[in-house]
Protein chains: 2
Amino acid sequence: MFIKNLPHKTVERLSQYRRALLMILSKDKTHVFSHEIAQMLHITPVQVRRDLMLIGYSGNLRKGYDIKELIELIGKIIDSERGQRVAVVGLGNLGKAFISYFKGKRSKLSMIAAFDVNPEKINRVFDGVPCYHINQMTEIIKQNNISIGIITVPAEQAPEIAEALVLSGIKGILNYTPKPLNVPAYVYLEEYDMITSLEKVAFFAKKNDERFK
Amino acid sequence: MFIKNLPHKTVERLSQYRRALLMILSKDKTHVFSHEIAQMLHITPVQVRRDLMLIGYSGNLRKGYDIKELIELIGKIIDSERGQRVAVVGLGNLGKAFISYFKGKRSKLSMIAAFDVNPEKINRVFDGVPCYHINQMTEIIKQNNISIGIITVPAEQAPEIAEALVLSGIKGILNYTPKPLNVPAYVYLEEYDMITSLEKVAFFAKKNDERFK
DNA sequence: GTAGACATGTTAATAAAATCACAACAACAA
DNA sequence: TTGTTGTTGTGATTTTATTAACATGTCTAC
């Protein structure tokens with residue numbers, strides 16, 4: 001399903017809507033109102049309705065949105081029909097954390113492999129995900145048609161890893177190192193840096209504190 | 001130092017500018033141009049200049065910006081003069097990852113404590129940070145005047161932890177669980193969810209792939 | 001039926017963020 | 001002196017994201 005130019009933020013929220021909806025599916029409810037979704041995610045009902053409008057979904061005026069239908073539609077939009085395979089590069093604490101978080105989330109994304117250089121980790125399975133030596137990365141990525149890579153190695157190594165991923169034919173990279181990466185335009189890159197986030201919190205916490213004093 | 005209403009994104013970038021600048025301080029350079037900073041972070045030079053304008057810093061027309069001065073000024077703006085103390089709640093893989101990342105970053109933020117319920121972790125020190133039982137959280141937070149909390153516990157427990165943090169007098173929370181939290185307005189809350197990020201990458205990777213084919 | 005309560009869907013308005021475009025200026029070379 | 005180059009600083013514009021406002025529709029109560 002194709003919808004032209006879905007805003008970045010909307011894509012993020014769709015992912016969250018889906019998860020929230022999956023959580024309430026169990027509770028024998030079949031429909032949900034925009035204000036209920038909004039409350040779960042602490043955003044406004046208008047925001048929810050606008051997002052759903054953008055993906056062309058219409059709810060029932062009296063009953064709200066059909067939960068199952070909506071979950072399915074979101075899937076059609078954000079998931080790739082044939083699924084996408086993911087690998088984590090760097091099986092340190094963060095790599096492990098990611099795999100654990102990921103586990104059990106059924107979806108079109110599957111975590112196929114981890115890569116590391118530590119001999120104690122290689123050829124072992126962590127939380128269902130096998131770990132290989134980084135030397136084998138290109139080979140395994142191509143073999144398994146892995147299209148998304150998550151970088152959780154030490155910062156200095158990030159650029160070479162990124163380059164290798166790109167050469168292996170990866171389509172998207174999620175970079176958790178503080179080192180900004182350079183990738184060609186046909187590879188989608190998302191970067192997140194914990195320290196920046198923390199400093200941001202620190203700044204606004206301080207500011208808030210002054211304001212409310 | 002007070003500057004009214006610095007945009008969120010600018011605050012994030014200031015943190016990154018500072019880190020980038022600290023990295024090049026060593027290399028006997030004393031000045032830097034906006035396009036150099038921009039290149040390091042993969043943004044535009046205009047963006048850099050605009051941000052610096054917002055914090056009221058003026059460079060030298062011919063030499064660029066004085067690195068030391070700029071680092072200092074950024075510190076004056078985003079750091080709290082008396083420093084801020086941080087605690088991690090949940091010493092699982094993610095909690096550990098955060099502490100490791102944090103280590104060695106000199107700054108006005110200090111990582112004071114971790115909390116967990118696992119007896120094997122309690123009363124031990126991980127990467128220089130002592131771990132206590134969650135029961136002691138309020139007490140230790142107050143004692144040490146900790147003002148920022150990072151939540152890395154399993155999602156179900158996040159709301160109660162958040163509430164406890166707020167009651168303990170925390171001023172800012174960084175929530176890594178997928179559970180959206182509710183906090184009073186005087187507490188600054190930042191949320192980040194790895195799965196959402198991954199799904200976003202997956203979506204745009206897929207889209208990019210179609211577009212460039 | 002018809003008024004009231006309460007949803008959705010959407011256009012319009014506003015706010016936040018990024019970019020464009022260019023004036024102003026310093027150093028240098030001819 | 002005068003042009004050339006390459007920079008900063010910033011008003012104007014554009015783009016992206018959010019919020020307001022309200023028309024429209026459906027059920028319920030009377």
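As the structure is a prediction and not an experimental result, all values here were calculated from the model. Letters A, B, ... are given to chains in the order of the sequence lines, protein chains preceding strands, and every chain is numbered from 1.
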Side chain of A:Tyr65, heavy atoms from C-beta onward: which of D:dT10, D:dT19, C:dG9 has the nearest atom to it? C:dG9
The test is ring-ring contact (aromatic ring centres under 6.0 Å, His included); show your working for B:Tyr65 and B:Phe33 and say whether it passes. CA-CA 6 Å; B:Tyr65 303 96; B:Phe33 294 118; 8.4 Å; no
Measure CZ/B:Arg50 against P/C:dA18 and give the value in whole Å, please. 11 Å
Once you apply a heavy-atom cut-off of 4.0 Å, does B:Ser34 come out as touching a base, just sugar-phosphate, or nothing? sugar-phosphate
Let me know, please, whether B:Lys63 or A:Pro7 comes out on the 5' side of the other along DNA chain D by nearest nucleotide. B:Lys63
Once you round it to whole Å, what is the distance between C1' of D:dT8 and CG of B:Asp66? 15 Å
Check this one for me: any side-chain N or O of A:Ser58 less than 4.0 Å away from OP1 or OP2 of C:dG9? yes
Dump the intermediate steps for salt bridge (charged side-chain N to carboxylate O under 4.0 Å, His left out) on B:Lys108 and B:Glu81, then the final yes or no. CA-CA 8 Å; B:Lys108 291 285 190 168; B:Glu81 203 170 335; over 6 Å; no
Counting side-chain heavy atoms from C-beta on, which of D:dA17, D:dT5, C:dA7 comes nearest to A:His35? C:dA7
Can you tell which of B:Asp127, B:Leu91, B:Ile150, B:Val86 makes a side chain to side chain contact (heavy atoms under 4.5 Å, CB included) with B:Phe98? B:Ile150
For atom CD1 of B:Ile37 and atom C1' of D:dT8, their distance in whole Å: 12 Å
Residue whose nearest DNA chain D nucleotide is more 5′ - A:Lys9 or A:Asn60: A:Lys9
Mind calculating the distance between CD (A:Gln47) and P (C:dA16) to the nearest angstrom? 14 Å
Which nucleotide wins on minimum distance to the side chain of A:Arg62, given the candidates C:dC6, C:dC20, D:dT19? C:dC6
Are the side chain of B:His42 and the backbone of A:Leu181 linked by a donor-acceptor contact shorter than 3.5 Å? yes
For the pair made of NE2 in A:His8 and C1' in D:dT16, what is the distance, rounded to whole Å? 10 Å
Output yes when at least one side-chain N/O atom of B:Arg13 is less than 4.0 Å from OP1 or OP2 of C:dA18, else no. yes
Any strand: nucleotide that pairs with C:dA30 via Watson-Crick or wobble, under 3.5 Å: D:dT1
Roughly how many Å is it from CG in A:Leu61 to P in C:dC6, rounded to a whole number? 14 Å
Euclidean distance, atom CG of residue A:Asn5 to atom P of D:dT16 [Å, nearest integer]: 8 Å
State whether B:Arg49 places a side-chain N or O below 4.0 Å from either non-bridging phosphate oxygen (OP1 or OP2) of D:dT8. yes
Tell me yes or no: between the side chains of B:Ser34 and B:Arg49, is some donor less than 3.5 Å from an acceptor? yes
Nearest whole angstrom, please: distance from the P of D:dT7 to the CD of B:Glu36. 9 Å
